[in-house]
Chemist: 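Mind having a look at this structure? Questions to follow.
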Amino acid sequence: MTIYNTLSRRIERFETIEPGVVRMYVCGVTVYDSAHVGHGMSAIVFDVIRRYLEYRGYRVRHAQNFTDIDDKIIDRANREGIAPDDLTARMIADWHAELGRLNILPATVYPRATEEIGPIVAMIEGLIAKGHAYPVAGDVYFRVRAFPGYGKLSHRDLDDLLSGARIEVDERKEDPLDFALWKAAKPGEPSWPSPWSAGRPGWHIECSAMCTTHLGGLVDIHGGGADLIFPHHENEIAQSEAFLGRQPFARYWVHNGLLRLGGEKMSKSLGNFVRLREILDRDLGAAFRLMVLQSHYRAPLTYTEEGLLGAERGLDRLRAAAGEAAAPDGAAATDDAAGDSADLPALAAETERRFHAAMSDDFDTPGAVAALFALGRAINRARAERRPPGTIEPARRTLIALAGVLGLPLAIDETTGAGDAAPFIELLVGVRDELRAAKQWALSDRIRDGLAERGITLEDGATGSTWSRRKA
RNA sequence: GGCGCCAUAGCCAAGCGGUAAGGCACGGGUUUGCAAAACCCUGAUCGACGGUUCGAAUCCGUCUGGCGCCUCCA
């Protein structure tokens, strides 16, 4: 297996610190607002990485944090007139519910900044003792120039950073680049005791502390969105390696490309985001996952409604192949011998080979998905040619299994979203089946058109009609 | 201003020196009472200009156009 490392800018061979075990830390979210589809994309990327590693036999210890104290949380809670704790508790509950609906496997641990104050304070004390940090009026700052490797992840040197000149100069800091490890609380803000002040941790230190507490201070994969490379992950490396006195602190730095909307990065601060809940409520979570997987995880992806619905259409074809449905009524004539649909077992084996070749090569999910479509088409074709189910079954199982590795559920749940209407729809469909048997076309078409207007699609097969709710 | 990424058919998107995956849409067909679904067929020489090479979408240079980071951000 190979994996791209942001640190070396190379695709490297994947080797874990401990054989058979992968320690993976993925930076989570600051819980001041509900998740948008960009968060969903990142979650999907690391979910698939994890699923594939587990499929390959690794035991994956996966930690994902919640930043549950910071300025935006305090502001938001104040505006809503509630306690920060209540806001973050609600957001975290929503996060778990929504990501669950996206079919994201739960992480092994979900550490939270406010529950790690002890280790955070201890780490800051250690950094001060080693001369890597200094307290100033209740705050504590990291001494960037005392850490020689600073900039190695984002590949820039200190002078480049300074020339950016957009760093607001805080006179209390020794150097403009120094960043906060601990911030003294202002009146009315939540705070925790520390040797320097009643205050709260800076953003970056929590991840360093959590990696140390929950993953032994040395992780195989450290990931997040590409927007975290600088300064967040750069600072994490500085803190952790300065504190631990050894390097590397993480073997592979993995960053997903960002989701774009309207030509720009989707982000909460730009205000151009689509909430994850919106697509989940339309039952398009699996379609979104497929859309994400059809582009490489490191490349940026443009989010469009068209793309999402297109993915849903593609998913339908895979679902048709994965279903146990009998052959469609008419045997479609095939006028050439281009595809060896009779040789499904060989194609299934070939698909499996292609799938693993792609996934082992820096998680090339587009290639893996392409292999799945090839197999799906062959299965549908075999059905159209009325091949015996027994010859199709193994290929079908392969398709479902491989799709499962990507977290794509192919099981059909046709009544999803129909709610209380289902019994009435079924009654109508049953009546219509009888009308069709009696060749009462006008009436049966009227029922079909009427249901279509109400978002229910009918499909007439050899053994009767099936119905499903149209997604839009 | 600095660092970096990208530009492939109508749209999305793979490709990592050997002659262009896949998905969606469009069109033609098979099937169907008519549909739907499914299946078959159909489309690109890879932003522009140079260079390296037997051979380049893939390597190098210049240009043009996007984007990201340098401040909170998955």
Side-chain angles (χ1 to χ4, degrees), chain A residues 9 11 26-30 32 35-43 45-46 70-72 151 154-157 159-168 203 223-232 255-260 263-270 290-291 294-296 298-304 306-317 320-321 325 327-336 338-339 341 354 358 361 364-374 377 379-385 436 439 441 444-445 448-449 452 457-461 465-466 468:
Chain A
R9 288 177 172 166
I11 291 179
V26 181
C27 284
V29 287
T30 301
Y32 72 97
H36 61 62
V37 286
H39 300 127
M41 173 180 173
S42 189
V45 164
F46 288 99
D70 92 319
D71 292 343
K72 284 196 289 267
S154 51
H155 302 99
R156 45 191 113 183
D157 56 52
D159 296 332
D160 290 340
L161 287 167
L162 275 177
S163 70
R166 254 168 260 178
I167 300 159
E168 67 180 81
W203 177 35
D227 51 355
L228 295 182
I229 296 172
F230 190 92
H232 186 55
H255 295 96
N256 62 277
L258 302 179
L259 198 61
R260 298 205 284 226
E264 280 183 312
K265 173 180 92 163
M266 180 179 294
S267 83
K268 285 192 256 190
S269 49
L270 289 173
L290 179 60
M291 181 171 89
Q294 281 189 294
S295 96
H296 189 85
R298 280 190 278 121
L301 172 65
T302 305
Y303 178 90
T304 62
E306 190 187 11
L308 185 62
L309 292 176
E312 173 66 16
R313 294 295 315 278
L315 202 50
D316 276 339
R317 270 179 60 223
D329 15 58
T334 48
D335 42 11
D336 72 306
S341 69
R354 275 181 69 192
D361 179 15
D364 174 18
T365 57
V369 168
L372 256 39
F373 272 100
R377 190 186 311 109
I379 292 172
N380 284 330
R381 176 176 174 153
R383 282 223 183 86
E385 291 174 349
R436 288 185 63 236
K439 299 195 191 299
W441 308 128
S444 65
D445 286 355
R448 184 173 62 195
D449 294 345
T457 305
L458 291 191
E459 290 178 28
D460 298 335
S465 300
T466 58
S468 58

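Residue numbers begin at 1 in each chain, while the letters A, B, ... track the order of the sequences.
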Chemist: Quick one: CG on A:Leu372 to OG1 on A:Thr365, what's the gap to the nearest 0.5 Å?
Modeler: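 Reported to 0.5 Å precision, the distance equals 11.0 Å.
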Chemist: Check the distance between B:rC11's C1' and A:Arg313's CZ and give it to me in whole angstrom.
Modeler: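 Going from A:Arg313 (CZ) to B:rC11 (C1'), I get 15 Å.
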Chemist: If you look at every strand shown and take non-hydrogen atoms under 4.0 Å, does A:Leu270 touch a base, only sugar-phosphate, or nothing?
Modeler: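 Touches nothing.
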Chemist: Quick one: label A:Leu228 by what it contacts on the DNA or RNA (base, sugar-phosphate, nothing), any heavy atom closer than 4.0 Å.
Modeler: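 Sugar-phosphate, no base atom in range.
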Chemist: Looking at every non-hydrogen atom in both residues, tell me the closest pair between A:Met41 and A:Ala299 and how far apart they are.
Modeler: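 Result for this residue pair: CE-O, 4.2 Å.
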Chemist: P atom, B:rC6 versus B:rU58: distance in rounded Å?
Modeler: 13 Å
Chemist: From the list B:rC70, B:rG4, B:rA14, which nucleotide is the closest neighbour of the side chain of A:Leu161?
Modeler: B:rC70
Chemist: Starting from P on B:rC24, measure out to CD on A:Glu306 and report it in whole angstrom.
Modeler: 13 Å
Chemist: How long is the line joining CZ of A:Arg354 and P of B:rG22, in whole Å?
Modeler: 8 Å
Chemist: Looking at B:rA74, I'd like to know if its phosphate oxygens (OP1 or OP2) sit under 4.0 Å from a side-chain N or O belonging to A:Lys265.
Modeler: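 Indeed not, no polar side-chain atom of A:Lys265 lies that close.
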Chemist: I'd like to know if A:Asp227 reaches the base of B:rG68 with its side chain such that a donor and an acceptor end up less than 3.5 angstrom apart.
Modeler: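 Result: no qualifying N/O pair found.
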Chemist: Quick one: A:Asn256 CG to B:rC67 P, roughly how many Å, whole number?
Modeler: 20 Å
Chemist: Taking the C1' atom in each of B:rC12 and B:rC26, what is the distance between them to the nearest angstrom?
Modeler: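 Taking atom C1' in both B:rC12 and B:rC26, they lie 15 Å apart.
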Chemist: Please measure how far the C1' atom in B:rU19 lies from the corresponding atom in B:rG66, and state the result in whole Å.
Modeler: 29 Å
Chemist: Where do A:Ser465 and A:Arg448 land on the side chain to side chain contact (heavy atoms under 4.5 Å, CB included) test, with the steps shown first?
Modeler: CA-CA 10 Å; A:Ser465 300; A:Arg448 184 173 62 195; over 6 Å; no
Chemist: For residues 366-373 of chain A, which residues have at least one heavy atom under 4.0 Å from RNA chain B?
Modeler: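 Only A:Pro366, A:Ala370, A:Phe373 qualify.
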Chemist: Select base, sugar-phosphate, or nothing to describe what A:His155 touches, counting heavy atoms under 4.0 Å on all strands.
Modeler: sugar-phosphate
Chemist: In Å and rounded to the nearest 0.5 Å, what is the NZ to CG distance from A:Lys265 to A:Leu258?
Modeler: 6.0 Å
Chemist: Tell me what A:Ala452 touches on the nucleic acid: a base, only sugar-phosphate, or nothing, going by heavy atoms under 4.0 Å.
Modeler: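 Nothing, no nucleic acid heavy atom in range.
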Chemist: Do A:Asp460 side-chain and B:rC34 base share a donor-acceptor contact under 3.5 Å?
Modeler: yes
Chemist: OP1 or OP2 of B:rC39 less than 4.0 angstrom from a side-chain nitrogen or oxygen of A:Asn380, does that happen here?
Modeler: yes
Chemist: Using the C1' atom in both, what is the distance from B:rA21 to B:rA44, to the nearest Å?
Modeler: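 It works out to 14 Å between them.
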Chemist: Answer yes or no: side-chain N or O of A:Arg448 and base N or O of B:rA35 forming a donor-acceptor pair under 3.5 Å.
Modeler: yes
Chemist: With sugar-phosphate meaning primed atoms plus P, OP1 and OP2, does A:Lys72 contact a base, only sugar-phosphate, or nothing at under 4.0 Å between heavy atoms?
Modeler: base
Chemist: Between B:rA14, B:rU71, B:rA74, which nucleotide gets closest to the side-chain atoms of A:Ser42?
Modeler: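 Shortest atom-to-atom distance from the side chain points to B:rA74.
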Chemist: Which part of the nucleic acid does A:Thr302 contact within heavy-atom distance under 4.0 Å: base, sugar-phosphate only, or nothing?
Modeler: sugar-phosphate
Chemist: Can you find a side chain N or O atom of A:Arg377 that sits less than 4.0 Å from OP1 or OP2 on B:rG23?
Modeler: yes
Chemist: What contact category does A:Met266 fall into here, base, sugar-phosphate, or nothing, at under 4.0 angstrom with non-hydrogen atoms?
Modeler: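 Counting heavy atoms under 4.0 Å across all strands, the contact made by A:Met266 includes a base.
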Chemist: Pairing check on B:rG43: which nucleotide meets the Watson-Crick or G-U wobble criteria with it, both distances under 3.5 Å?
Modeler: none
Chemist: Mind calculating the distance between CH2 (A:Trp441) and P (B:rU32) to the nearest angstrom?
Modeler: 12 Å
Chemist: Take the protein atom NZ of A:Lys439 and the nucleotide atom C1' of B:rU32, then report the distance between them rounded to whole Å.
Modeler: 12 Å
Chemist: Taking any heavy-atom pair under 4.0 Å as a contact, classify A:Leu259: base, sugar-phosphate, or nothing.
Modeler: base
Chemist: When you measure from the side-chain N and O atoms of A:Arg381 to the phosphate of B:rC40, is any distance below 4.0 Å, counting only OP1 and OP2?
Modeler: yes
Chemist: In Watson-Crick or G-U wobble terms, both distances under 3.5 Å, what is the partner of B:rG10?
Modeler: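 Here B:rG10 is engaged in a pair, and the nucleotide opposite it is B:rC24.
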Chemist: When you measure from the side-chain N and O atoms of A:Arg436 to the phosphate of B:rC34, is any distance below 4.0 Å, counting only OP1 and OP2?
Modeler: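 The answer is no; no side-chain N or O of A:Arg436 sits under 4.0 Å from OP1 or OP2.
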Chemist: Shortest non-hydrogen contact from A:Leu290 to A:Leu315?
Modeler: CD2-N, 4.0 Å
Chemist: My understanding is that a pair needs two contacts under 3.5 Å, Watson-Crick or G-U wobble. By that rule, which nucleotide pairs with B:rA38?
Modeler: B:rU30
Chemist: What distance, rounded to whole Å, do you find between the two C1' atoms, one in B:rG65 and one in B:rC54?
Modeler: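 One C1' to the other, the span is 34 Å.
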Chemist: Base, sugar-phosphate, or nothing: which does A:Gly307 touch, judged by heavy atoms less than 4.0 Å apart?
Modeler: nothing
Chemist: Which part of the nucleic acid, if any, lies within reach of A:Gly223 when heavy atoms closer than 4.0 Å are counted: base, sugar-phosphate only, or nothing?
Modeler: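 If one applies the 4.0 Å heavy-atom cut-off, A:Gly223 turns out to touch nothing in the nucleic acid.
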Chemist: From the list B:rG23, B:rC70, B:rA36, which nucleotide is the closest neighbour of the side chain of A:Gln294?
Modeler: B:rG23
Chemist: Partner of B:rC67 by Watson-Crick or G-U wobble geometry, both contacts under 3.5 Å, or none?
Modeler: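 Paired with B:rC67, as far as the under-3.5 Å criterion goes, is B:rG4.
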Chemist: Under 4.0 Å from OP1 or OP2 of B:rC39: is there any side-chain N or O of A:Arg317 that close?
Modeler: yes
Chemist: Please classify the nucleic acid contact of A:His255 as base, sugar-phosphate, or nothing, using heavy-atom distances under 4.0 Å.
Modeler: nothing
Chemist: How long is the span from the OG atom in A:Ser267 to the CZ atom in A:Arg260, to the nearest 0.5 Å?
Modeler: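 Reported value, rounded in 0.5 Å steps: 13.5 Å.
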Chemist: For A:Phe230 and B:rG4, give me the distance from atom CZ to atom C1', rounded to whole Å.
Modeler: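 One finds 13 Å between C1' of B:rG4 and CZ of A:Phe230, rounded.
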Chemist: Considering Watson-Crick and G-U wobble pairs with both distances under 3.5 Å, what does B:rC54 pair with?
Modeler: B:rG18
Chemist: Identify the two heavy atoms, one from A:Arg317 and one from A:Phe373, that lie closest to each other, and give their separation to 0.1 Å.
Modeler: NH1-CD2, 4.0 Å
Chemist: Take atom C1' in B:rG18 and the same atom in B:rC11, then report the distance between them in whole Å.
Modeler: 30 Å
Chemist: Show your reasoning for whether side chain to side chain contact (heavy atoms under 4.5 Å, CB included) applies to A:His36 and A:Tyr303.
Modeler: CA-CA 12 Å; A:His36 61 62; A:Tyr303 178 90; over 6 Å; no
Chemist: OP1 or OP2 of B:rC67 sitting under 4.0 Å from any side-chain N/O of A:Arg260?
Modeler: no
Chemist: Between B:rU30 and B:rC34, how far apart are the two C1' atoms, rounded to whole Å?
Modeler: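 About 16 Å, rounded to a whole number of Å.
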Chemist: How far does the C1' atom of B:rA14 sit from the matching atom of B:rG22, given to the nearest Å?
Modeler: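 Approximately 7 Å lies between the C1' atom of B:rA14 and that of B:rG22.
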Chemist: Do you know the tightest heavy-atom contact between A:Met291 and A:Leu301?
Modeler: O-CD2, 4.0 Å
Chemist: So, does A:Arg383 use its side chain to make a donor-acceptor pair with the main chain of A:Ala320 at under 3.5 Å?
Modeler: yes
Chemist: Specify the separation, in whole Å, of atom CG of A:Asp445 and atom P of B:rA36.
Modeler: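 These atoms are roughly 12 Å apart.
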Chemist: Hey, does A:Ser267 reach any base, or is it just sugar-phosphate, or nothing, if we go heavy atoms under 4.0 Å?
Modeler: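 The residue A:Ser267 makes base contact.
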Chemist: Can you see which heavy atom on A:Ala358 is nearest to which on A:Gly367, and at what distance?
Modeler: CB-C, 3.9 Å
Chemist: Provide the closest heavy-atom pair for A:Ser42 versus A:Gly225 in the form atom of the first, atom of the second, distance.
Modeler: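 In terms of heavy atoms, the two residues are closest at OG-N, 4.3 Å.
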